[in-house]
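Worksheet: one structure, shown below.
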Protein chains: 2
Amino acid sequence: MSVVDDVRSLILGGQYAPGDRLGEVELAEALGVSRTPVRDALRRLQSEGLVDITANKGARVVEYPRQDLETIFELRARIEGLAARQATALATPQDADALHEVAVAIREHAERGDQDAVYRLNAEFHQSLVRLGSSAVLAQSISSLIHSAVLLRTYSSFDEEAMRRSVNHHIEIAAAIRAGDPEWAEAVMRAHLFSARASLLGPRRQENE
Amino acid sequence: MSVVDDVRSLILGGQYAPGDRLGEVELAEALGVSRTPVRDALRRLQSEGLVDITANKGARVVEYPRQDLETIFELRARIEGLAARQATALATPQDADALHEVAVAIREHAERGDQDAVYRLNAEFHQSLVRLGSSAVLAQSISSLIHSAVLLRTYSSFDEEAMRRSVNHHIEIAAAIRAGDPEWAEAVMRAHLFSARASLLGPRRQENE
DNA sequence: TGACAAGGGGTTGCATACAATCCATGAATA
DNA sequence: TATTCATGGATTGTATGCAACCCCTTGTCA
């Protein structure tokens, strides 16, 4: 396990909340290494979009303003919509099965109320899908957008109905991919993300009250 | 000018081609600093998607396989399409004017055959637009996709007609934004990117001969 | 002649020391 | 009392030394 992965886990795991300072010596001592690999890790996480570094002032976990979050979900709908569409052509039946497995596991953990597992598996579901639909290179450059939802602790603001919707979307997406239907897959993925946005950010069109 | 920016310029400027090794000592000597800041820079550029680092084997400039390039342009059409759409609402008249200025400058340099300037200004046009349409945070996480085109030395494979199209697209996009017409702006942006993809990668549907 | 193993040069990974910068605290003065 | 400036601690930025690793070369043996 590399130091980058360790620090990323600390952030995504919630040990450090958005806005928290990430001191180099503090992290180095916590992980039992010197400052050098920690600095490496922070630099990389900055470009991954998880960390915000100001010269001579150190690193903090990024905070997304509300407007950015609106845009992020709009973007994810487009990007992951494309990924879902392409995955119908590129994924093997085994890939589709694996995706279905994850979707089912999410449902089970959700029913049991195990939120940590749901976070983790949800990120895994989305990352795998993007990887299937495009490539590892692209998946990496998009991962920060997917992480943004995790940073938000998405599901804490989901009510029961929203959670049920989300869980079912995952399974439906896996089904669409197994069926090889690109339009269906893309449409469900878009619905999935817009539904999450609504639960997270509340009703839109606050402008024309 | 930071070391990261220096190294990025070396890559985007073409001093290092895709696949080239990026030795730490070599870069450090060239830039007159020690290995430490160079290492920082390479780690960051890795997550920006510009370099590829393998443990104990060093860094190389990334190479995108053809299939990835197809996907990259498809993605950019969706992402920058959204950016163009949103920019119509968010950009001030000054922003639109500035964009127009850049578009005109691109035309002038293109007529004069100054490809280096065209590369640079083109990247600036797209980056500014994304920044206008979303936010600095998002623009950064998308920049690697825009860079991929620069890495390709896009315009070297453009014929005269394709170049004219590209140049006019930029101006038209600025016009659509100034007119505040989101559909128009998004449509032109998509055309712009699909046209570039066609020039770069040749005709599609090679599968059904 | 071919294959495999040992050695050596070179490169990266990590740790530590020092320099530069920032920020907060407190004292001195208007 | 409020403001400014200086000073100190704390934190980041950079340099350098050493250890670990990879790969190429070379030599030996079948």
Side-chain angles (χ1 to χ4, degrees), chain A residues 1-63 136-137 140-141 143-144 151, chain B residues 1-63 136-137 140-141 143-144 151:
Chain A
M1 194 71 161
S2 78
V3 176
V4 196
D5 295 326
D6 287 339
V7 178
R8 193 190 293 109
S9 294
L10 284 174
I11 297 173
L12 295 178
Q15 324 284 31
Y16 290 91
D20 282 0
R21 264 189 108 263
L22 295 159
E24 293 181 0
V25 291
E26 178 186 335
L27 284 168
E29 283 171 9
L31 299 176
V33 294
S34 87
R35 276 176 54 218
T36 309
V38 172
R39 285 176 60 78
D40 278 5
L42 292 176
R43 295 303 179 285
R44 291 181 49 173
L45 292 174
Q46 173 182 36
S47 295
E48 270 186 37
L50 270 179
V51 161
D52 190 39
I53 298 182
T54 326
N56 294 315
K57 289 185 58 180
R60 293 181 171 280
V61 180
V62 290
E63 292 177 291
V137 182
Q140 198 201 349
S141 73
S143 65
S144 65
L151 273 180
Chain B
M1 193 75 157
S2 77
V3 176
V4 196
D5 295 325
D6 287 339
V7 178
R8 193 189 293 109
S9 294
L10 285 175
I11 296 173
L12 295 178
Q15 325 284 28
Y16 289 91
D20 282 1
R21 267 191 102 257
L22 295 159
E24 292 181 1
V25 289
E26 177 186 335
L27 284 168
E29 285 172 8
L31 299 175
V33 295
S34 86
R35 279 176 51 218
T36 309
V38 172
R39 284 175 60 77
D40 277 5
L42 291 176
R43 294 302 179 285
R44 291 181 48 174
L45 293 174
Q46 174 182 37
S47 296
E48 272 186 35
L50 270 181
V51 312
D52 191 36
I53 299 181
T54 325
N56 293 317
K57 288 186 57 181
R60 296 181 170 278
V61 180
V62 290
E63 291 177 291
V137 183
Q140 197 201 351
S141 73
S143 65
S144 64
L151 273 180

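Reminder, nothing fancy here: chain letters follow the sequence lines and each chain counts from 1. When reading the values below, keep in mind they use all heavy atoms of this one structure, side chains included, and skip hydrogens, waters and symmetry mates.
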Subject >> Salt-bridge present (B/Arg8, B/Glu48; N to O < 4.0 Å) >> reply: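 Counted as a salt bridge, because a side-chain N and a carboxylate O are separated by less than 4.0 Å.
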Original post:
Quick one: on DNA chain C, does A/Arg35 or A/Asn56 contact a more 5' nucleotide (nearest heavy atom)?
Top reply: A/Arg35
Original post:
DNA chain C: B/Arg21 or A/Asp40, which has the more 5' nearest nucleotide?
Top reply: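 Checking each residue's closest nucleotide, the 5'-ward one belongs to B/Arg21.
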Subject >> Options D/dC22, C/dC22, C/dC14, nucleotide nearest the side-chain atoms of A/Lys57 >> reply: C/dC22
Could you give the [atom1]-to-[atom2] distance, from [X] to [N], as a whole number of Å?
X	N	atom1	atom2	value
A/Leu27	D/dT12	CG	P	9 Å
A/Arg60	D/dT11	CZ	P	12 Å
A/Glu24	C/dC22	CD	P	15 Å
B/Leu22	C/dG10	CG	P	20 Å
B/Glu29	D/dA15	CD	P	13 Å
A/Gln46	D/dT12	CD	P	14 Å

Original post:
Side chain of A/Arg60, backbone of A/Gly19: donor and acceptor closer than 3.5 Å?
Top reply: yes
Original post:
Would you find a donor on one side and an acceptor on the other, under 3.5 Å apart, between the side chain of A/Ser2 and the backbone of A/Asp5?
Top reply: yes
Original post:
Got B/Leu42 and B/Val4 here, is their nearest side-chain heavy-atom distance under 4.5 Å?
Top reply: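 Not touching, per the 4.5 Å side-chain cut-off.
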Original post:
If only side-chain N and O atoms of A/Thr36 are considered, is one of them under 4.0 Å from the OP1 or OP2 phosphate oxygen of C/dC14?
Top reply: no
Original post:
Would you say a side-chain N or O of A/Arg39 is under 4.0 Å from OP1 or OP2 of D/dG13?
Top reply: yes
